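Letters A, B, ... are given to chains in the order of the sequence lines, protein chains preceding strands, and every chain is numbered from 1. Everything numeric in this text was worked out from a predicted model, so none of it was measured.
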Protein chains: 2
Amino acid sequence: MATARRPGAYVCGIDAAMDVIGGKWKVLILWALNEKTCRFGELRRLLPGVTEKVLASHLREMEADGLVHRRVYDEVPPHVEYSLTALGISLNEALAPLGAWGREHVLGPQDTHHAVR
Amino acid sequence: MATARRPGAYVCGIDAAMDVIGGKWKVLILWALNEKTCRFGELRRLLPGVTEKVLASHLREMEADGLVHRRVYDEVPPHVEYSLTALGISLNEALAPLGAWGREHVLGPQDTHHAVR
DNA sequence: CGGTATCCAAGCTGATACTG
DNA sequence: CAGTATCAGCTTGGATACCG
């Protein structure tokens, strides 16, 4: 179960979920990790514009929420891999219809032919 | 089609949709109007804690995004009714799985018995 | 009733520099 | 490589007062 950051403050399931994915880059992290397990530097390259600090804090929160798994290899140089948990995967699936809506109604029909994303 | 506030800045449909529902109270407004057409004061009462200024600005944005219809009756005292457009209804439907996810995984099992919301 | 106008506080985000 | 520390800025949201 994901962490409720404002326990008891939610009116319905949607705003509870919104709290979990509220960070500016979180849905993009979710999408990137859904494709493949990534290292920290990989994620940074996949999300153009994100800073290390923000990426790290988002990953910490998502880890605390049980969406992301952080695996540390005891190597030099350091090696850390991030992947989705089962909960993260289920969240991604729940987001799919919203993604389809956004592609169709915000991005517009001209973008739907490369709608792989 | 909804208004893209950051044209060309979206990586995928999900963050485009996130931009449209990003306001703190927007999903709750969407949910309230999905139940029934509401007047301004009604909405304020349905969303405990929202201020007039924020409610008004959110409604303006959602109107600009084509999610909400604003109907003004030429009466004294003033009478304004807000309702969802077809686009707003479709967005609500796209949000349903996310709401179910939030109820199940954030609010927790103990809340699912009054899962009407 | 249904808003605006003004001011203000908090928090999120970003830039930069540094470290184990 | 994978972060942390510090500082600065800006956007969001909130408090309050007032208006047609």
Discussion item. Return whichever of B:S57 or A:G23 has its heavy-atom-nearest nucleotide of DNA chain C closer to the 5' end.
Written reply: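 So the residue in question is B:S57.
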Quick check for you: to the nearest 0.5 Å, what is the distance between [X] atom [atom1] and [Y] atom [atom2]?
X: B:L67; Y: A:H105; atom1: CG; atom2: NE2; result: 10.0 Å
X: A:L43; Y: A:R39; atom1: CG; atom2: CZ; result: 11.0 Å
X: B:L84; Y: B:L33; atom1: CG; atom2: CG; result: 5.0 Å

Take atom [atom1] of [X] and atom [atom2] of [N], then tell me their distance rounded to the nearest Å.
X: B:H58; N: D:dT11; atom1: NE2; atom2: C1'; answer: 12 Å
X: A:L59; N: D:dG3; atom1: CG; atom2: P; answer: 8 Å
X: A:D74; N: D:dC1; atom1: CG; atom2: P; answer: 18 Å
X: A:E63; N: D:dG3; atom1: CD; atom2: C1'; answer: 13 Å
X: A:M18; N: D:dT12; atom1: CE; atom2: P; answer: 14 Å
X: A:Y73; N: D:dG3; atom1: OH; atom2: C1'; answer: 18 Å
X: A:D19; N: D:dG13; atom1: CG; atom2: C1'; answer: 15 Å

Determine all donor-acceptor pairs shorter than 3.5 Å in which one atom belongs to a side chain in residues 48-59 of chain A; sequence neighbours excluded.
{"from": "A:T51", "atom 1": "OG1", "to": "A:V54", "atom 2": "N", "distance (Å)": "3.4"}
{"from": "A:E52", "atom 1": "OE2", "to": "A:R44", "atom 2": "NH1", "distance (Å)": "2.5"}
{"from": "A:S57", "atom 1": "OG", "to": "A:V54", "atom 2": "O", "distance (Å)": "3.1"}

The complete set of salt bridge (charged side-chain N to carboxylate O under 4.0 Å, His left out) pairs with one or both residues in residues 68-89 of chain B, sequence neighbours excluded, reads none
#### Entry: For chain A, the stretch of DNA chain C it reaches, first to last nucleotide, under 4.0 Å of its heavy atoms
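Nucleotide range in contact with chain A: C:dT13 to C:dG20.
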Problem set entry | Backbone of A:H69 reached by a side-chain donor or acceptor of A:T85 within 3.5 Å | no
Under a single-linkage definition using a 4.5 Å side-chain heavy-atom cutoff for Ile, Leu, Val, Met, Phe, Trp and Tyr, are A:V76 and A:F40 assigned to the same hydrophobic cluster? no
Bend of the helix from C:dC1-D:dG20 to C:dG20-D:dC1 from end-axis comparison, five pairs per end, nearest 10°, comes to 50°
Residue set satisfying salt bridge (Lys or Arg N to Asp or Glu O under 4.0 Å) with B:E63, at least two apart, ordered chain then number -> none
Taking only N and O in the side chain of A:R44, is any of them less than 4.0 Å away from OP1 or OP2 of D:dA2?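 So the side-chain polar atoms of A:R44 never come under 4.0 Å of the phosphate oxygens OP1 or OP2 of D:dA2.
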Per the ring pair (Phe, Tyr, Trp, His ring centres under 6.0 Å) rule, what does the pair list look like for residues 76-95 of chain A, sequence neighbours excluded?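 Qualifying pairs, neighbours excluded: A:Y73-A:H79.
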In numerical order, the residues of residues 48-55 of chain A whose heavy atoms come under 4.0 Å of DNA chain D are A:E52, A:K53
If you look only at distance, which donor and acceptor atoms sit under 3.5 Å apart when one is on a side chain in residues 19-28 of chain B and the other is two or more places apart or in another chain?
{"from": "B:D19", "atom 1": "OD2", "to": "B:Y10", "atom 2": "OH", "distance (Å)": "2.6"}
{"from": "B:K26", "atom 1": "NZ", "to": "B:E61", "atom 2": "OE1", "distance (Å)": "2.6"}

Taking only distance into account, with no hydrogens and no angle test, what donor-acceptor pairs under 3.5 Å do side-chain atoms of residues 86-93 of chain A form with protein atoms, sequence neighbours excluded?
{"from": "A:S90", "atom 1": "OG", "to": "A:L87", "atom 2": "O", "distance (Å)": "2.7"}
{"from": "A:S90", "atom 1": "OG", "to": "B:W101", "atom 2": "NE1", "distance (Å)": "2.9"}
{"from": "A:N92", "atom 1": "ND2", "to": "A:L30", "atom 2": "O", "distance (Å)": "2.9"}

